[in-house]
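Here is how names work: the chains are called A, B, and so on, in the same order as the sequence lines, proteins then strands, and each is numbered from 1. Bear in mind that the values here come from a model prediction, so they are computed numbers and not experimental data. All heavy atoms count here, side chains included; hydrogens, waters and symmetry mates do not.
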There are 2 protein chains.
Amino acid sequence: MKKIDILKKLRSSKLRPTKQRVEIAKFLFEREKTFHFTVESLNKLLIKKSTSKIALATIYNTVHAFKTAGHLSEVEVRGNKTYFDTNVSNHHHFYDSENSELIDIDANDIVIQKIPKAPNGKKIKNVEVFINLKN
Amino acid sequence: MKKIDILKKLRSSKLRPTKQRVEIAKFLFEREKTFHFTVESLNKLLIKKSTSKIALATIYNTVHAFKTAGHLSEVEVRGNKTYFDTNVSNHHHFYDSENSELIDIDANDIVIQKIPKAPNGKKIKNVEVFINLKN
DNA sequence: ATCTAGTTTATAATTGTTCTAAAGTGAAAA
DNA sequence: TTTTCACTTTAGAACAATTATAAACTAGAT
Ligand SMILES: [Mn+2]
Ligand SMILES: [Mn+2]
Ligand SMILES: [Zn+2]
Ligand SMILES: [Zn+2]
């Protein structure tokens, strides 16, 4: 994803392309593979990579804004930190608890044959599969 | 589960059956259906139910001790609170985000037909399915 | 250039959880 | 039994993740 697309992405979400947002967006979205992160890990990586310091509150604000805009999704992982995911399509995960690493699984790589029907008055929004790994 | 069994459960796990542990264990395990809770919710319910106050730190200690002993499992739910489960067998969950409620799904009620193989050097520990609900 | 709503920032506040260290207690040993 | 002591409970402090606050800053419309 090129810089011009980053600007489009922000503008189309009614997010002003500020210096901070562009820098974070470039870091998150200008990559080939899915990126899974916590705000803490993202903050550390941004400190290493860039010269200008971005306030932690801004990283929280921006990540939430991107999530609300549908550019990021939240992943459920054991622990008290929140994990985010640049892959916003419907997909599944391996979870390697040794190093707290998430690995994407394409939606088509898991086929569920039998599934219970939703409780009364409820509908199924989506199905998420976690494959926990060990060594 | 009767009181005598609670005492056995504690003793067999090398946990002294103190007043507090017995009270918490009775509350958690003397019921028909699975119970999903957070430490916060458990604390509130214990305050309502019982006369003698149990320190919050004791509830944390006890819940962790029960988890370590294999009497409770931890469930992954979106959010920053940790959820526990009196069902320690391999099973799945509906998750109703409207009211943050978990509902058990028996392991046999979900059949997975196709599953990717674990990454190099890793093995599959277990597979957890979450069915997110909407209204 | 001016204006203003949106944004960033440092810092405080809040929330969930763990730590600490002093007081209390279950149960084994005397 | 009484004694003893490792285990347990407890209040409160500490810590970690996140959110709120409010003042300074800025993108972009006019
Ligand atoms: Mn989580
Ligand atoms: Mn969680
Ligand atoms: Zn992913
Ligand atoms: Zn359950």
Side-chain angles (χ1 to χ4, degrees), chain A residues 3-4 6-27 36-47 50-69 71-72 74-84 100, chain B residues 3-4 6-27 36-47 50-69 71-72 74-84 100:
Chain A
K3 186 175 181 182
I4 181 69
I6 292 285
L7 297 185
K8 273 187 195 156
K9 186 180 267 240
L10 293 175
R11 288 229 170 75
S12 70
S13 317
K14 304 251 193 303
L15 295 170
R16 285 189 190 168
T18 62
K19 188 160 66 69
Q20 292 85 345
R21 281 177 180 160
V22 171
E23 184 169 332
I24 295 172
K26 286 176 71 176
F27 186 80
H36 299 105
F37 64 95
T38 66
V39 169
E40 185 198 22
S41 71
L42 176 58
N43 186 36
K44 276 182 186 151
L45 291 168
L46 285 172
I47 287 169
S50 109
T51 44
S52 54
K53 181 196 178 302
I54 301 178
L56 185 59
T58 300
I59 298 177
Y60 272 101
N61 289 342
T62 303
V63 165
H64 283 141
F66 288 176
K67 189 196 162 192
T68 301
H71 304 315
L72 288 174
E74 198 179 322
V75 188
E76 200 36 55
V77 182
R78 221 162 290 271
N80 18 16
K81 274 183 240 180
T82 305
Y83 278 73
F84 295 92
S100 301
Chain B
K3 184 172 183 183
I4 181 67
I6 291 285
L7 296 185
K8 272 187 197 157
K9 184 180 271 238
L10 292 175
R11 287 230 171 75
S12 70
S13 317
K14 303 250 193 302
L15 295 170
R16 285 190 190 166
T18 63
K19 188 161 66 69
Q20 293 85 345
R21 282 176 178 162
V22 171
E23 185 170 331
I24 295 172
K26 286 176 71 176
F27 186 80
H36 299 106
F37 63 97
T38 65
V39 169
E40 184 198 23
S41 72
L42 176 59
N43 186 37
K44 277 181 187 154
L45 290 168
L46 285 171
I47 287 170
S50 108
T51 45
S52 54
K53 180 195 178 302
I54 301 177
L56 186 58
T58 302
I59 299 177
Y60 273 100
N61 288 343
T62 303
V63 165
H64 284 142
F66 288 175
K67 188 194 162 193
T68 301
H71 304 316
L72 289 174
E74 197 180 322
V75 188
E76 200 36 56
V77 182
R78 220 163 290 274
N80 18 15
K81 276 182 238 179
T82 306
Y83 277 73
F84 295 92
S100 300

Quick one: is [X] getting a side-chain N or O under 4.0 Å of the [N] phosphate, OP1 or OP2?
X	N	answer
A:Q20	C:dT9	yes
B:H64	C:dT18	yes
A:T82	D:dA17	no

* Asked: Between the two end axes of the helix from C:dA1-D:dT30 to C:dA30-D:dT1, each built from 5 base pairs, what angle do you get to the nearest 10°?
  -> 20°
Measure from [atom1] on [X] to [atom2] on [N] and round the result to the nearest Å.
X	N	atom1	atom2	value
B:K81	C:dT14	NZ	C1'	13 Å
A:E23	C:dT7	CD	P	17 Å
B:L56	C:dG16	CG	C1'	9 Å
A:N43	D:dT18	CG	P	11 Å
A:K44	D:dA16	NZ	P	11 Å
B:N80	D:dT19	CG	P	7 Å
B:I24	D:dT9	CD1	C1'	11 Å
B:N61	D:dG12	CG	P	17 Å

What is the distance from atom [atom1] of [X] to atom [atom2] of [Y], rounded to the nearest 0.5 Å?
X	Y	atom1	atom2	value
A:L15	A:R11	CG	CZ	11.0 Å
B:H71	B:K9	NE2	NZ	5.5 Å
B:F37	B:L72	CZ	CG	4.5 Å
A:N80	B:K81	CG	NZ	13.0 Å

* To do: Quick one: list whatever passes salt bridge (charged side-chain N to carboxylate O under 4.0 Å, His left out) with A:E74, sequence neighbours left out.
  => A:K67
* Do A:T82 and A:F84 come close enough that some side-chain heavy atom pair is under 4.5 Å? -> yes
* **Side chains of A:V39 and A:L56 in contact at under 4.5 Å (non-hydrogen atoms)** => yes
* Which sits closer to the 5' end of DNA chain D, B:I54 or A:T38, going by the nucleotide each is nearest to? -> B:I54
* Structure fact -> Heavy-atom nearest pair, B:L7 first then B:P17, reads CD2-CB, 3.7 Å
* From the list D:dG12, C:dT8, D:dT18, which nucleotide is the closest neighbour of the side chain of B:A57? -> D:dG12
* Of all the choices, D:dA17, C:dT17, C:dT8, which nucleotide is nearest to the side chain of B:Y60 once you look at every atom? -> C:dT17
* Asked: Between the side chains of A:S50 and A:E23, does any donor sit under 3.5 Å from an acceptor?
  -> yes
If you restrict it to nitrogen or oxygen atoms, what contacts under 3.5 Å exist between nucleotides 23-30 of chain C and the protein, and what is each distance?
unit_1 : atom_1 : unit_2 : atom_2 : d
C:dA27 : OP1    : B:R11  : NH2    : 3.4

